[in-house]
Chemist: 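Take this structure first; my questions come after.
To find a chain, count down the sequence lines: A is the first, B the second, and so on, and within it residues start at 1. Nothing here was measured: the structure is a model prediction, and the numbers come from that model.
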Amino acid sequence: MRIGVFICHCGSNIGGTVDCAKVAEIARGFPDVVYADDPMYTCAEPGQAAIEAAIHEHRLDGVVVASCTPRMHEPTFRRTVERAGLNRYMFEMANIREHVSWIGRDKEANTNKAAELVRLAVEKLRNNKPLAAKSFDVTKKVLVIGGGVAGIQAALDCADGGVPVILVEREATIGGKMAKLDKTFPTVDCSACILGPKMVDVAQHPNITLYAYSEVEDISGYVGNFTVKIRKRATYVDWSKCTGCGACTEKCPSKKTPDAFNEFTGPTTAITIAFPQAIPKKAVINAAHCRQFVKGKCGVCAKICPTGAISYDMQDEIVTEEVGSIVAATGYDLMDWTVYEEYGGGRYPDVITSLQYERIMSASGPTGGHIVRPSDGREPQKVVFIQCVGSRDRSVGRPYCSGFCCMYTAKQAVLTKDHIPNSQSYVFYMDIRAPGKMYDEFTRRAVEEYGTEYIRGRVSSIYPDGNGQYVVMGVDTLLGEPVEIRADLVVLAVGIEASKGSPQLAEKLRISYDHYGFFMESHVKLKPVETNTAGVFLAGVCQGAKDIPASVAQGSAAAAKVLALFARDKLESDPQIAQVDIRRCVNCGKCIRCCPFGAIKEVEIRGEGKAQVIETVCQGCGLCTATCPQGAIQLSHATDNQILAEVNALCQC
Amino acid sequence: MPVLKGKELRIVGFLCNWCSYGGADTAGVARAGQPTDLRIIRVPCSGRVDPLFIVKALLNGADGVLVSGCHPRDCHYAAGNFYARRRLEVLKQFLPVLGIDDRRFEYTWVSASEGQRWQQVVTVFTERIHKLGPAPRLEDAEPLLKMADMALTSLRPLGTGQTAALDQLKEAIKAKLPELECVIGWQQGYDGAHTVPLFMKTPEDVDKLIWGPFNVNNPAVYLPSFKGKKVGIVVKGCDSRSVVELLQENLIRREDVTIFALPCEGTLDMARVNQTLGRYSKIDKVTYDEAGVTITADGKEHRFCMTDCAQGKCYGCTTPMAVLADMRAGQPVKVEPGSRTPPELALLDSMSLEERMAFWRGQMERCLRCYACRNACPMCVCRDFCVSDSRDPHWMSQEDSTREKLFFQTIHALHLAGRCTGCGECQRACPVGIPILALRQQIARAVGQLFDDYKAGLNPTAVPPLLGYELEEKNIHERDWK
Amino acid sequence: MKFAYYPGCSAKGSSADYEKSTQAVCAALGIHLEELPGWNCCGSTPAHAVDTELSAALCARNLDIAAREQAETVLTPCPSCLSNLRHAAKRMENPQFRARVDELLDTPAAAHFPEVTSVMQGIARVYDANAIAAQVKKSLKGVRLAAYYGCLMSRPPEVMDFGDPENPTLMESLLSACGAEMVDFPLKTACCGASFGIPERVMTARNSGRILELATQLGVDAVVVACPLCQMNLDLRQKQAAKEADAFFRMPVLYFTQMMGLAFGIAPEHLGLEKLRVSADELLRKIDGAQAGEGDR
Amino acid sequence: MSMTRFVTSDGLPGLLAFLSQNGRRVLVPVEKPANKRSVVFEPWSKGMPFTLEKATVPPKAAVLPQSETLVRYKKTKDPENPERVTMSLDDSMEAQPTVVFACRPCDARGFAVLDRPYLQGPFADPYYKARREALTVVTLTCPSGCNTCFCHWVGGGPSSPEGSDVLMTGVEGGYVLQAVTPRGEELLAASSLPDGAEQFPLAEAARKAAWATLEPAPDIKGAPEKLAALFTDAEFWQNWTDRCLSCGACTYFCPTCYCFSITDEGEGLSEKGGRRLRSWDNCMSSLFTREASGHNPRMLKAFRMRNRVSHKFSTYPENWGAFSCNGCGRCISNCPVCLDIRAIVLAALNADQATAE
Amino acid sequence: MNDAINLSRMRDAAFTAEVEAQSGQNVSTCYQCGNCTAGCPAGFVYDRQVNQIMRGVQLGLKDEVLNSRSIWMCLSCSTCSLRCPNNIDVAAVMETLRHMARKEGRVAVPKVEKFWFSFLDTVRAFGRTYEIGTMALYMMRSLRLFTDLDLAPEALKKKKLGFRPHVIPGGADAVARIMQRYKERAKREGVRP
């Protein structure tokens with residue numbers, strides 16, 4: 001080979017503690033190195049031009065740049081060598097800035113270390129092979145999982161961009177958590193009024209196919225070519241006939257059915273339409289509470305239904321869809337706050353969650369928008385809000401901040417005063433997190449205009465005083481004293497967690513998730529929408545706590561990613577993937593077993609079983625390479641020989 | 001390149017590109033000062049790190065090796081680090097048997113944002129290695145030769161009485177034979193004191209089948225070569241574990257294999273038998289009694305009582321009955337509960353790290369790299385494509401140094417992690433009697449201790465531990481980097 | 001059923017009634033309590049407040065006796081003793097700590113200690129609710145009780161192993177089995193003020209007062225306790241508490257063993273009821289009345 | 001009569017000390033502490049225990065090491081112009097004067113087998129030649145046959161002198177040393193050992209007695225042709241190799257197997273430099289004939305066994321007029337599955353007859 | 001302000017580290033939510049609330065913390081530990097501080113310590129607690145002769161307190177030896193027993 005080496009000074013960033021000229025001189029002694037230089041700024045335009053010139057002048061067929069981290073400029077320099085006619089994989093980097101000059105003060109040691117790292121890169125490069133990407137077709141159709149506001153936004157944007165959308169929603173109606181809210185901060189405008197039109201757009205958009213009351217059963221394939229199985233759960237109502245007239249819900253005799261949409265703040269009927277603006281506005285039978293199912297006789301709804309839509313023997317149905325990309329927008333659930341025994345563990349009727357409070361305040365809720373205590377229907381005078389219940393609390397395994405509770409708590413305090421002018425609200429908080437536009441002003445209004453008492457501290461316990469009130473034992477750390485409030489109603493700002501089933505969905509999507517079930521983005525800062533599985537994007541709270549504007553923005557961002565992906569007719573696969581040497585392969589299947597992506601399959605080649613890598617699915621982790629005992633499957637660009645070359649360069653005594 | 005004398009030691013790091021390499025970058029950006037010894041090799045994922053890279057480095061001059069990946073659950077590739085965690089932990093528990101201080105190898109998890117943690121990890125690890133000093137080299141050790149103590153007690157009866165049921169077994173084989181390509185068993189070898197594998201194709205072949213303490217070979221070694229063909233196999237308990245392990249790994253198919261079994265009463269340690277017999281020109285007679293055999297060679301009688309002369313593995317054997325069989329004959333055998341540290345391993349356990357290195361130095365010197373150990377191993381299915389004699393990948397050279405030889409044994413042992421059933425064929429096959437089984441036994445022990453007492457080859461549906469993982473490992477714990 | 005038994009010092013002094021009723025109830029249930037020979041004080045709060053190793057040494061001597069007696073399980077009625085003994089056993093799992101403690105002892109303590117648990121758990125381990133109910137001769141039907149555990153019994157959870165540390169329910173299940181109506185008593189694990197009654201009276205007065213106030217508010221017939229110190233603070237010091245709260249309390253405070261004893265039909269004098277400062281006569285009448293009413297039907 | 005000397009049993013260390021003079025390396029059989037009998041040749045040094053047992057591993061490595069460096073190469077770069085690389089070669093060979101002590105006649109005959117291809121062909125191998133010329137072989141004659149050896153089938157015997165310089169035979173009280181080559185005479189002459197003429201008859205008697213212990217040998221003179229005829233009989237070879245594990249225990253422990261492979265290791269510009277290695281190869285391994293394309297003419301172990309047996313008993317004799325097997329029996333005793341080359345040869349002879357009939 | 005706490009001078013990092021080491025707690029995880037204080041049954045007699053003590057430990061304000069009355073008034077009820085969102089065993093920190101203070105001879109509330117000693121002295125004498133003995137000793141030491149005098153008639157009437165010390169058969173000496181060794185060791189180690 002003919003290798004050129006460039007030792008970057010990076011101004012004084014590297015040159016300050018590394019003798020770059022010396023490193024270049026040492027590098028000239030390395031095998032196959034025919035040229036070495038130490039430019040001031042390699043990544044700058046003249047630096048790149050110098051590399052190109054050197055490639056031509058010295059007929060280089062491989063280039064090593066020793067500079068900053070490859071995580072920063074590897075793509076840059078790959079393009080550089082490509083411009084000069086080299087294959088982009090005939091390039092290696094040595095990180096002598098983050099890993100050398102910035103962390104060590106001893107110039108001799110640094111220079112020696114830099115030279116060794118260059119040696120590693122040279123040895124690796126000597127084992128590199130040109131790699132070429134392959135192209136394949138794309139199915140230009142997207143699956144959006146979750147019909148909350150983020151999913152709705154992603155679906156609408158994709159649909160408007162001309163891409164057919166499959167929207168899958170687990171509940172009977174789309175709208176998600178936002179549909180349950182009474183008002184939204186900081187404008188205090190009606191949630192249903194701003195979300196409703198978007199929901200209607202979903203229903204009416206010619207490019208959107210909505211599967212409500214459905215779940216994703218299985219996902220296979222890879223970017224551009226996913227196959228998705230969707231389970232349409234039995235609603236026992238033929239939606240093609242149901243007009244959403246609601247006659248059945250009026251006549252249903254099972255009137256004490258728990259109402260999940262209303263967060264169990266009041267009862268509903270066994271056949272029900274979640275709320276007046278539901279999309280699709282179709283009835284669903286809750287079989288666990290329907291007399292027809294429980295007792296085997298009733299049939300009232302079937303009798304009353306004017307279109308004969310009731311179908312008690314309906315079964316789940318599996319439909320299969322082919323899509324090229326997937327947006328996960330599965331949102332969140334509240335954590336199970338009943339672990340807080342000191343707050344009554346759910347035994348006190350007037351200690352409720354903020355989402356329950358939303359339903360109580362909502363005009364479409366069980367009390368028609370009148371704020372009353374669940375225990376006795378009285379209007380509360382003293383309302384205590386407790387923040388961070390299940391947020392920033394390691395003792396219950398929830399160390400993270402749920403992000404939007406500070407704001408909705410302020411909103412709820414404001415609304416409480418609006419509803420009950422002579423009421424007094426108290427908010428126990430640790431820190432007020434209100435960094436959004438108009439947010440801090442809003443919390444100040446809650447204090448200054450609505451007289452909400454903000455008390456800095458947590459609440460240690462709540463207990464009924466036996467007189468119909470609740471003793472709230474808290475602290476005012478600013479005062480430095482314990483405080484005690486007798487409250488009529490206590491509203492807990494319960495922390496969020498990833499929606500139920502997120503880890504299972506993540507496994508199906510082959511994306512990572514954190515300890516709490518939130519999906520992992522590809523890069524915290526720079527790839528907040530992408531995942532590590534190509535073609536799968538994230539929107540909304542499923543990726544981490546965020547409020548409505550941020551969820552909507554991420555929904556649009558995900559849609560933009562989908563549209564960008566679909567802007568090309570063919571996709572290119574990353575050639576840094578595993579390859580099977582079929583002569584060496586004995587078809588033991590160990591690689592197939594451990595591949596996290598299902599990217600290896602067994603095929604028959606001349607009568608013998610062999611492993612084969614599905615090039616578009618392989619993500620290039622190399623687990624198979626480390627697993628295969630006979631070295632028959634090698635990860636291109638990180639083969640055993642390439643890594644061994646590096647090990648041998650370091651350890652040869 | 002040589003280390004900076006007097007300043008640095010050779011410390012090699014394998015960092016995953018996504019988390020730990022980024023964490024090291026973050027530390028750099030934060031100008032978090034660190035010792036300069038570490039040389040980082042960037043790999044896509046900690047799951048890419050073949051434990052053999054680490055052994056290779058440690059045998060070839062590294063004073064310390066550090067692997068770092070994404071925190072469990074945060075793997076860029078979803079699960080690579082879960083596999084890595086198991087493999088690296090097994091390696092860590094294996095190294096001391098080679099005489100390598102396991103403190104010289106560490107693995108951890110550092111995310112891309114944890115610059116400070118990375119600084120801490122590098123600093124603590126480098127300090128640790130400097131405290132340990134330059135790693136002792138295998139070549140510098142003064143050879144130390146010691147022998148395992150073979151005075152052992154057994155968990156189950158040892159003897160030769162079960163032959164009574166052999167005829168019944170033969171009938172069963174004959175009945176099944178027409179459906180099968182062949183049935184693998186044992187026949188007499190060049191004399192009455194040697195038994196060799198038998199491939200029964202006709203009823204007359206079946207009549208050659210013998211059962212007894214000379215049936216040392218593990219016939220399961222031949223099964224993978226019959227993959228796809230209907231074949232029968234006669235097994236001892238230990239052989240059946242190899243069959244089960246092959247099934248576990250889909251190397252053979254259950255429907256293809258018919259297993260015939262008799263309860264095993266132990267097999268002779270032919271190495272010790274031959275030591276006793278010495279040089280002789282002819283075996284005159286071999287007679288059996290309940291407790292052992294008497295071999296008359298050149299007119300001289302030698303009695304071998306099974307309780308004294310069984311193979312080392314037989315004493316701690318808990319599966320004299322086949323763990324899986326289609327046809328069984330003979331009387332069930334009672335096994336006492338308990339476990340035994342195998343004699344070879346007990347020998348290594350009794351040594352210091354320095355002694356162990358010296359031990360292997362002494363033992364490996366006489367290895368000729370004939371690879372009888374490998375080829376006799378029923379789990380060595382790579383066979384013609386073993387990495388030990390390949391140029392791509394080029395793990396080993398043809399040099400006859402003790403280091404290369406020991407490295408091969410390490411390859412074998414690590415490739416057997418969670419798979420070795422302890423049949424001992426590797427050691428039995430070794431013409432120069434190197435107690436290489438100890439390395440496999442240590443791996444098996446580590447796997448057992450880490451994964452709920454897992455033993456390879458007991459359950460055909462069990463997932464071999466290194467081909468699986470748990471989100472939270474019960475017995476693998478994150479180390480403290482304080 | 002036989003258990004080793006560590007009565008604790010109060011059993012021989014201020015809580016003789018607890019001791020008496022414990023013995024009576026256990027006798028009725030056929031549970032034999034074998035008192036550890038030559039046991040000593042666990043050191044109570046003062047010992048661990050002064051030095052953890054000293055506290056552990058005092059406890060280790062008792063645990064060592066129990067180990068030598070080859071006891072499997074040691075029962076103790078007193079949560080404070082229980083807490084000290086269990087803490088000591090747990091801390092001595094640390095070899096360095098153990099070595100320091102051994103230095104203080106005549107001979108190094110046994111390598112393994114028997115388990116120590118409360119009398120209440122001991123009873124519950126042998127008898128489930130149905131079995132307890134079968135023993136009841138005088139149902140506590142119509143009697144409203146508040147179960148008060150105090151702060152030590154369930155905390156810290158990793159040492160005490162007494163169910164949910166905020167909301168233990170064992171006493172409720174035992175007394176419900178005896179027919180009593182158990183109210184949800186939110187202050188069941190609040191602190192009564194502990195041993196500060198002597199050096200800082202206001203501490204017990206305030207804290208006990210809060211408990212008595214809620215119990216009174218909830219209209220219970222008695223507060224049932226499992227701790228000698230709680231009993232003393234709530235009963236003997238009830239007046240001090242009332243004074244501090246500027247209120248009037250008349251709340252009988254009984255040991256759960258006394259309550260169970262009554263349900264088992266054991267005579268009050270065999271349960272030491274005469275030692276109560278706040279008389280339980282009204283409660284006794286209520287129980288008898290309920291029995292009479294039952295008889296009428 | 002050739003020159004004889006006598007050495008008492010106690011005098012052996014003294015003899016070894018004498019042999020070690022002048023920088024000579026004396027390879028003696030050493031018993032390794034192991035559960036399995038393991039005797040290997042190792043350089044003797046004063047005070048080192050040794051044995052006169054037949055070695056597990058033959059002394060072949062004395063002339064043909066398991067792995068040897070043929071050439072070392074170092075590259076240097078012109079600091080002015082890194083494109084200019086100069087290479088220096090070092091192909092100096094190590095040929096330390098060596099005595100193999102107390103090998104057996106079969107081992108010694110092994111050297112004779114190796115000599116033909118390495119020295120008598122169109123090219124003499126310089127590395128082998130240098131070592132061979134520096135080698136003296138002191139052979140201990142066998143007192144008896146053994147269960148796996150068959151030297152007398154293939155032209156040898158318990159006191160065959162072929163390949164030896166000195167024959168040594170155990171007699172009452174010591175050993176008689178008999179020079180069988182000029183080099184042997186030179187060696188014995190230089191020693192201060194007493195003359196052994198007196199004990200020589202005892203030695204002759206012992207040798208005769210040894211012969212008497214052997215079972216009669218079958219006539220295998222027809223083996224070369226018969227094996228050649230069986231070349232295409234795949235079934236024959238398959239039947240005889242079904243239990244073969246394809247390991248190298250037979251070839252690596254064989255005193256006459258001489259195949260090697262050559263590999264380059266290391267980098268010329270590294271501190272260690274590059275090395276061209278010659279190492280033993282093993283025809284029982286599938287790699288032996290695997291071609292660069294991946295094609296392998298001997299995919300089946302049956303064909304590889306055919307190669308080994310035919311080489312020893314057919315092709316080598318065709319080329320050199322003698323069997324290349326010397327009947328030491330190590331391939332039998334070391335085989336993990338007790339494959340018996342004698343049985344194969346006999347079967348080949350019989351198979352031929354069967355066909356003829 | 002002149003009396004501001006000068007952190008650059010008063011911060012004692014070794015103190016923080018020592019508290020963490022002895023208590024086994026990581027005090028840096030405390031984010032001052034105040035939950036410990038909110039639930040503390042003794043807070044009303046504290047001079048500094050628990051969360052403030054924790055803050056003091058974080059900042060390494062050794063004198064502020066060890067001279068506090070609060071650490072002597074802690075009831076050891078562990079409510080703070082139970083409710084701490086960061087799993088800090090706050091009660092263990094309080095106890096550690098008390099031990100540290102005692103060993104240095106800083107006793108902000110002597111009557112509490114006197115009560116303990118009175119208790120422990122009776123244990124040393126008799127092997128078991130002897131309530132009247134404890135009371136008597138305490139009254140003597142604290143010069144608070146009227147402690148609980150209001151209870152005495154009731155207690156005596158109800159025979160709540162034993163007049164006779166309860167002595168362990170053959171065991172009191174063993175307890176005394178434990179105490180003795182403890183004292184000797186404390187002396188050797190140069191701390192206050």
Side-chain angles (χ1 to χ4, degrees), chain B residues 1-2 145-148 150 182 189-191 193-199 217 221-222 269-272 274-275 278-283 297-298 312 362-363 365-366 368-376 383-385 389-391 397-401 425 427-435, chain D residues 32-38 40 42 53-54 56-57 65-67 69 143-149 213-215 239 242-243 245-253 261-263 265-266 270-271 275 277-280 282 285-287 290 296 299 330 332-340 342-343:
Chain B
M1 297 174 77
L145 293 169
K146 274 188 177 178
M147 273 164 69
M150 298 303 288
C182 73
Y190 50 77
D191 61 36
H194 288 88
T195 298
V196 299
L198 164 68
F199 296 81
N217 297 79
V221 71
Y222 301 105
D269 183 349
M270 293 307 291
R272 286 188 291 152
N274 286 330
Q275 284 276 35
R279 189 179 167 95
Y280 63 88
S281 42
K282 218 171 99 224
I283 297 286
D298 294 346
Q363 294 290 354
E365 267 182 346
R366 65 181 187 277
L368 292 189
R369 297 181 72 172
C370 72
Y371 292 133
C373 47
R374 175 187 76 191
N375 290 37
R383 289 291 143 84
D384 298 347
F385 294 97
D389 33 36
S390 138
R391 295 287 288 187
S397 77
Q398 293 297 317
E399 271 164 296
D400 67 342
S401 65
E425 283 290 88
Q427 179 168 305
R428 190 190 63 79
C430 178
V432 289
I434 305 175
Chain D
K32 291 288 177 182
N35 281 321
K36 184 179 255 180
R37 201 180 72 90
S38 174
V40 298
E42 284 188 354
E53 291 282 304
K54 179 176 165 187
T56 321
V57 184
Q66 189 182 338
S67 176
T69 304
S144 66
C146 88
N147 61 332
T148 48
C149 46
T213 64
L214 304 182
E215 301 275 325
N239 282 338
D242 49 10
R243 68 175 191 257
L245 297 172
S246 298
C247 72
C250 44
T251 57
Y252 282 17
F253 286 79
S261 126
I262 289 183
T263 48
E265 296 291 349
S270 71
E271 292 77 5
R275 280 109 48 223
L277 303 178
R278 172 160 78 178
S279 9
W280 292 351
N282 163 27
S285 156
S286 119
L287 268 71
R290 191 190 292 160
N296 191 343
M299 270 302 280
R330 286 192 181 89
I332 306 167
S333 60
N334 288 329
C335 177
V337 294
C338 300
L339 255 169
D340 190 343
R342 295 171 297 192

Chemist: Can you tell which part of B:Met150 gets under 4.5 Å to a heavy atom of chain D, answering side chain, backbone, both or neither?
Modeler: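 Just the side chain, heavy atoms under 4.5 Å.
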
Chemist: Distance-only, no hydrogens or angles: does the D:Gln66 side chain make a donor-acceptor pair with backbone N or O of B:Leu368 under 3.5 Å?
Modeler: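 At least one qualifying donor-acceptor pair exists.
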
Chemist: Hey, what do you get for OG1 (D:Thr148) to OH (B:Tyr280), rounding to the nearest 0.5 Å?
Modeler: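 That separation rounds to 7.5 Å.
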
Chemist: Check whether B:Arg428 gets within reach of chain D through its side chain, its backbone, both or neither, counting any heavy atom under 4.5 Å.
Modeler: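 Contact with chain D is through both the backbone and side chain of B:Arg428.
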
Chemist: Quick one: does D:Ser144's side chain get under 4.5 Å of B:Arg279's, heavy atoms only?
Modeler: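 They are in contact (side-chain heavy atoms under 4.5 Å apart), so the answer is yes.
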
Chemist: Most heavy-atom pairs under 4.5 angstrom with chain D, which of B:Lys282, B:Gln427, B:Arg391, B:Lys146?
Modeler: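 The answer is B:Arg391.
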
Chemist: I'd like to know whether B:Ile283 forms a side chain to side chain contact (heavy atoms under 4.5 Å, CB included) with D:Asn147, so could you lay out the CA-CA distance, the side-chain angles of the two residues, the decisive distance to 0.1 Å, and finally the verdict.
Modeler: CA-CA 8 Å; B:Ile283 297 286; D:Asn147 61 332; 5.8 Å; no

Chemist: Taking every heavy-atom pair that is under 4.5 Å apart, which of B:Gly312, B:Cys430, B:Pro435 has the most such pairs with chain D?
Modeler: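 Heavy-atom pair counts peak at B:Cys430.
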
Chemist: Which region of B:Val432, side chain (C-beta onward) or backbone (N, CA, C, O), has a non-hydrogen atom less than 4.5 Å from a non-hydrogen atom of chain D, or is it both or neither?
Modeler: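 Its backbone and side chain both get close to chain D.
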
Chemist: For each of B:Asn274, B:Val221, B:Asn217, tally heavy-atom pairs with chain D at distances under 4.5 Å, and name the one with the top tally.
Modeler: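 Of the candidates given, the most pairs with chain D belong to B:Asn217.
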
Chemist: What heavy-atom pair brings B:Gln275 and D:Ala34 nearest, and what distance separates the two atoms?
Modeler: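 In this case the closest contact between B:Gln275 and D:Ala34 is NE2-O, 3.4 Å.
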
Chemist: Hey, what do you get for CD (B:Gln398) to CZ (D:Arg278), rounding to the nearest 0.5 Å?
Modeler: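 Going from CD on B:Gln398 over to CZ on D:Arg278, the span is 14.0 Å.
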
Chemist: Would you mind checking which part of B:Cys373 comes under 4.5 Å of any heavy atom in chain D, side chain (CB onward), backbone (N, CA, C, O), both or neither?
Modeler: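 Looking at B:Cys373, nothing touches chain D.
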
Chemist: So, taking the atom named CZ in B:Arg374 and the one named CG in D:Leu245, what distance separates them when rounded to the nearest 0.5 Å?
Modeler: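 So the gap between those two atoms works out to 11.0 Å.
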
Chemist: Measure the spacing between CE of B:Met147 and NZ of D:Lys36 and express it to the nearest 0.5 Å.
Modeler: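 Rounded to the nearest 0.5 Å, the CE-NZ separation comes out at 13.0 Å.
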
Chemist: Any chance you could measure B:Leu145, atom CG, to D:Lys32, atom NZ, to the nearest 0.5 Å?
Modeler: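 Here the interatomic distance stands at 5.0 Å.
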
Chemist: On a heavy-atom basis, which atom in B:Tyr222 and which in D:Asp242 lie closest, and how many Å separate them?
Modeler: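 Heavy-atom minimum between the residues: CE2-O, 3.7 Å.
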
Chemist: Can you see which heavy atom on B:Pro197 is nearest to which on D:Arg243, and at what distance?
Modeler: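 Of all heavy-atom pairs spanning B:Pro197 and D:Arg243, the closest is CD-CD, 3.6 Å.
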
Chemist: Which atoms of D:Cys335 are under 4.5 Å from chain B, going by heavy atoms: the side chain, the backbone, both sets, or neither?
Modeler: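 Nothing of D:Cys335, per the 4.5 Å heavy-atom cut-off to chain B.
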
Chemist: Does any non-hydrogen side-chain atom of D:Asn282 lie less than 4.5 Å from one of B:Tyr371?
Modeler: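 When only atoms from C-beta onward are counted, D:Asn282 and B:Tyr371 do not touch, as no gap falls below 4.5 Å.
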
Chemist: Does the side chain of B:Glu399 come within less than 4.5 Å of D:Leu277's, by heavy atoms?
Modeler: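 Yes, close enough: below the 4.5 Å cut-off.
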
Chemist: Return the option, out of B:Gly433, B:Ala271, B:Pro431, with the maximum number of heavy-atom pairs under 4.5 Å with chain D.
Modeler: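 Top option by heavy-atom pairs under 4.5 Å: B:Pro431.
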
Chemist: Can you tell me which portion of D:Leu214 sits under 4.5 Å from chain B's heavy atoms? Options are side chain, backbone, both or neither.
Modeler: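 Interface part for D:Leu214: neither.
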
Chemist: Restricting to non-hydrogen atoms, name the atom on D:Ser38 and the atom on B:Arg366 that form the minimum distance, rounded to 0.1 Å.
Modeler: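 The answer is OG-NE, 2.9 Å.
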
Chemist: With only heavy atoms counted, which part of B:Asp384 is less than 4.5 Å from chain D, the side chain, the backbone, both or neither?
Modeler: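 For B:Asp384, heavy atoms of backbone and side chain both lie under 4.5 Å from chain D.
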
Chemist: Using heavy-atom distances under 4.5 Å, tell me whether D:Asn35 contacts chain B through its side chain, its backbone, both, or neither.
Modeler: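 Contact with chain B: backbone and side chain both.
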
Chemist: What are the two closest non-hydrogen atoms of D:Cys338 and B:Thr195, and how far apart are they?
Modeler: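 In this case the closest contact between D:Cys338 and B:Thr195 is SG-O, 4.5 Å.
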
Chemist: Against chain B, label D:Val337 side chain, backbone, both or neither, depending on which of its atoms sit under 4.5 Å from a heavy atom there.
Modeler: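 It is both, since atoms from each part get that close.
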
Chemist: If you look at every heavy atom in D:Ala249 and B:Ala372, which pair is closest and at what distance?
Modeler: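 The pair with the smallest heavy-atom distance is CB-CB, 4.3 Å.
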
Chemist: Tell me, for D:Glu215 versus chain B, whether the close heavy atoms (under 4.5 Å) come from the side chain, the backbone, both or neither.
Modeler: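 Answer is side chain: those atoms of D:Glu215 sit under 4.5 Å from chain B.
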
Chemist: Need one label for D:Arg330: side chain, backbone, both or neither, based on atoms under 4.5 Å from any heavy atom in chain B.
Modeler: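 Contact with chain B is absent: no heavy atom of D:Arg330 under 4.5 Å.
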
Chemist: Between atom CG of B:Asp389 and atom OG1 of D:Thr263, what is the distance when rounded to the nearest 0.5 Å?
Modeler: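 It is 11.5 Å, given to the nearest 0.5 Å.
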
